[in-house]
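This report concerns only the one structure given below.
Because the structure is a prediction, the values reported are computed rather than measured. Note: hydrogens, waters and symmetry copies are ignored here, and every other heavy atom, side chains too, is used.
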Amino acid sequence: MRSRTLRTAPVPLPAVHVEPPSETMRAIVFDAPGEADVLRLAEIPVPRPTLSEVLVRIEAAGVNPIDAKTRSGHGVAEAIDHWPSTIGFDFSGVVVSTPYEAHELQPGTEVFGMLPFPRSGGSYAEYAVVPSLSVTRKPAGLSHVEAAGVPLAALTAWGLVVETALAHEGQRMLIHAGPGGVGHFAVQLASYFGAHVTATGSERNLPWLRDLGAEVAIDHATTRFEDVVGEMDVVIDLVGNVADDTGSRSLGVLRTGGLYVLVPSGAWPGYADEAAAAGVRATGYQVVPDGSVLATLARLLDSGAIRVFVDSVHELSDAAAAHREVELGHVRGKVVLSVTAGR
């Protein structure tokens with residue numbers, strides 16, 4: 001007679017009291033696309049979760065280039081269906097309420113994740129409703145400020161390096177803009193999975209790129225990367241043709257049948273045709289807010305296999321300054337808003 005393993009008795013879920021929110025909250029909104037100064041601090045209603053959504057009290061919010069592009073009228077601005085609108089994808093915070101009593105993420109649980117903005121409210125706010133599948137437990141070893149710098153950038157890097165490029169031992173991978181938010185995770189993940197990583201960046205960041213795992217670091221201002229790299233299996237392009245034809249030049253360093261991945265949307269509309277003419281494969285990429293992948297990244301962060309670097313922290317009311325910093329293009333790692341600072 002075959003036997004089967006029985007489940008152990010479930011451990012009772014702890015009851016954690018979390019103060020319910022008031023009717024309104026502080027949030028950064030904008031009334032129409034424009035320069036960074038269109039961002040303003042306002043009091044707006046606290047969102048109410050429905051169905052499988054979790055209500056989270058946000059402690060910190062990450063600032064990404066896509067945020068600034070959207071604020072200026074590009075990015076995902078065309079999907080905003082009401083004004084004024086909040087903004088922001090990344091967050092780290094504390095669960096306030098869950099869809100049902102036995103939910104895995106109980107009130108009081110520290111979590112981080114990525115919002116489906118602009119289909120929902122943004123993360124530059126004191127509270128947000130989040131789909132359960134887009135959130136997971138915060139890495140225990142990270143502060144809320146550090147954790148808020150992870151989700152969009154690290155999920156993008158994972159999608160590029162692990163799911164699209166299939167990083168593996170001995171693979172030759174060139175990563176443009178290695179010091180940035182996505183770039184510094186991409187360099188680490190590619191190195192972790194055994195790829196031989198070449199990364200481009202500014203002179204001041206070259207030692208840091210090597211510390212992250214790049215075996216070759218190239219100063220993009222003084223060296224033409226095509227003059228010093230051999231045949232690549234993969235190019236992950238976080239720049240495109242908006243700067244010095246980086247994309248077109250990248251096709252020339254790929255082996256026949258190699259893979260070119262363009263990340264910034266609109267940075268090179270004709271990349272697919274040029275790649276086909278050059279005999280290489282090409283694809284764009286869009287990040288997926290997957291909580292299960294984020295949980296894997298959380299374990300890598302807690303183990304020290306990868307790390308997040310926060311370049312600067314601004315108070316929520318200084319969101320415009322944070323956007324201007326991101327738009328300058330010299331950020332090492334991430335810029336983060338401390339939402340709790342003004343509470």
side-chain contact (heavy atoms from CB on, under 4.5 Å) evaluation trace for His144 with Val94: CA-CA 9 Å; His144 282 295; Val94 179; 4.3 Å; yes

With a cut-off of 6.0 Å (strictly less than), are more than 12 heavy atoms of other residues, nucleotides or ligands near CD of Glu43? yes

Please answer whether the main-chain N or O of Arg204 pairs with a side-chain N or O of Arg332 as donor and acceptor at a distance below 3.5 Å. yes

Short side-chain to backbone donor-acceptor contact, Thr98 and Tyr100, under 3.5 Å: yes

Straight-line distance of Gln188 CD to Phe193 CZ, nearest 0.5 Å: 12.5 Å

Contact between Trp83 and Pro33 at the side-chain level, heavy atoms closer than 4.5 Å - yes or no? yes

Is the shortest side-chain heavy-atom distance between Arg137 and Leu105 below 4.5 Å? yes

Output for pair (Thr340 OG1, Arg57 CZ), nearest 0.5 Å, gives 9.0 Å

Least distance between heavy atoms, Val161 atom then Leu189 atom: CG1-C, 4.0 Å

Apply side-chain contact (heavy atoms from CB on, under 4.5 Å) to residues Val235 and Val280 and explain how you reach the verdict. CA-CA 11 Å; Val235 173; Val280 302; over 6 Å; no

As a quick check of understanding, evaluate salt bridge (Lys or Arg N to Asp or Glu O under 4.0 Å) for Arg324 and Asp37, giving each step before the final call. CA-CA 9 Å; Arg324 284 191 287 267; Asp37 290 339; 2.7 Å; yes

Nearest heavy-atom contact between Val54 and Ser132 is CG2-OG, 3.6 Å

Less than 4.5 Å apart, any side-chain heavy atom of Ser265 and any of Gln286? yes

Output yes when a side-chain donor or acceptor of His74 lies under 3.5 Å from a complementary backbone atom of Thr70, and no otherwise. no

Side chain proximity check, Val182 to Val263, heavy atoms < 4.5 angstrom: no

For atom CD of Glu35, decide whether the heavy atoms of other residues, nucleotides or ligands shown that lie under 6.0 angstrom number more than 12. no

Ala186 versus Ala157, closest heavy-atom pair with distance: N-CB, 3.5 Å

Non-hydrogen atoms of Val129 and Arg48 that approach each other most closely: CG1-C, 3.7 Å

Under the side-chain contact (heavy atoms from CB on, under 4.5 Å) criterion, do Val150 and Leu142 qualify, and how do the steps go? CA-CA 10 Å; Val150 173; Leu142 267 60; 4.1 Å; yes

Quick one, Val310 and Ser143 - any side-chain contact, counting heavy atoms below 4.5 Å? no

Taking the side chain as everything from C-beta on, heavy atoms only, tell me whether Lys69 gets closer than 4.5 Å to Val76. no

May I ask you to decide if Leu152's main-chain N or O and Thr156's side chain share a donor-acceptor pair within less than 3.5 Å? yes

Note, Phe225 side chain near Ser250 side chain (heavy atom, < 4.5 Å): yes

Quick check: are there more than 12 heavy atoms from other residues, nucleotides or ligands sitting under 6.0 Å from OH of Tyr192? no

Enumerate the ring-ring contact (aromatic ring centres under 6.0 Å, His included) contacts for residues 230-263, please, sequence neighbours excluded, ordered by first and then second residue. Tyr260-Trp268

Using only atom types and a distance under 3.5 Å, with no angle test, would you say the side chain of Glu274 pairs donor to acceptor with the backbone of Tyr271? no

Leu328 atom CG: more than 12 heavy-atom contacts under 6.0 Å: yes

So, Arg172 side chain and Val197 main chain: donor-acceptor pair closer than 3.5 Å or not? no

Donor-acceptor pair, side chain of Asn241 and main chain of Gly247, under 3.5 angstrom: yes

Who are the salt bridge (charged side-chain N to carboxylate O under 4.0 Å, His left out) partners of Asp31, not counting sequence neighbours? Arg40

What heavy-atom pair brings Ala27 and Ile44 nearest, and what distance separates the two atoms? CB-CD1, 3.6 Å

How long is the gap from CG on Leu259 to CZ on Arg281, to the nearest 0.5 Å? 4.5 Å

About how many Å separate CZ of Phe112 and CD of Glu146, when rounded to the nearest 0.5 Å? 11.5 Å

For Ala322 and Leu337, the nearest pair of non-hydrogen atoms, with its separation, is CB-CD2, 3.9 Å

Arg255: which residues meet the salt bridge (charged side-chain N to carboxylate O under 4.0 Å, His left out) condition with it, sequence neighbours left out? Asp233

Ignoring hydrogens and angles, write down the donor-acceptor pairs under 3.5 Å from the side chains of residues 207-219, residues two or more places apart or on other chains.
from, atom 1, to, atom 2, distance (Å)
Asp211, OD2, Arg307, NH2, 2.4
Asp219, OD1, Ala221, N, 3.0
Asp219, OD2, Thr222, OG1, 3.1

What's the verdict on salt bridge (Lys or Arg N to Asp or Glu O under 4.0 Å) for Arg71 and Glu327, showing C-alpha distance, side-chain angles and the deciding distance? CA-CA 11 Å; Arg71 183 222 71 231; Glu327 288 176 306; 2.9 Å; yes

Around atom CD of Glu78, are there more than 12 heavy atoms from other residues, nucleotides or ligands closer than 6.0 Å? no

Return a table of donor-acceptor pairs under 3.5 angstrom between the side chains of residues 114-125 and protein atoms on other chains or two or more places apart.
from, atom 1, to, atom 2, distance (Å)
Ser123, OG, Phe89, N, 3.3
Ser123, OG, Asp90, O, 2.8
Tyr124, OH, Asp67, OD2, 2.7
Tyr124, OH, His323, NE2, 3.1

Between His314 (side chain) and Ala321 (backbone), is there a donor-acceptor pair under 3.5 Å? no

Look up atom CE in Met232 and atom CE in Met173, then write down how far apart they are to the nearest 0.5 Å. 10.5 Å

Modelled atom types, side-chain donor and acceptor of Asp237 and Thr246, under 3.5 Å: no

Backbone N or O of His103 within a donor-acceptor pair of the Gln106 side chain at under 3.5 Å? yes

Exercise answer: donor-acceptor pairs, residues 287-300 side-chain atoms, under 3.5 Å, sequence neighbours excluded:
from, atom 1, to, atom 2, distance (Å)
Asp290, OD1, Ser292, N, 2.9
Asp290, OD1, Ser292, OG, 2.5
Asp290, OD1, Val293, N, 3.4
Thr296, OG1, Ser292, O, 3.4
Thr296, OG1, Arg299, NH2, 3.2

Step by step, work out the side-chain contact (heavy atoms from CB on, under 4.5 Å) result for Ser202 and His220. CA-CA 6 Å; Ser202 63; His220 64 80; 4.2 Å; yes

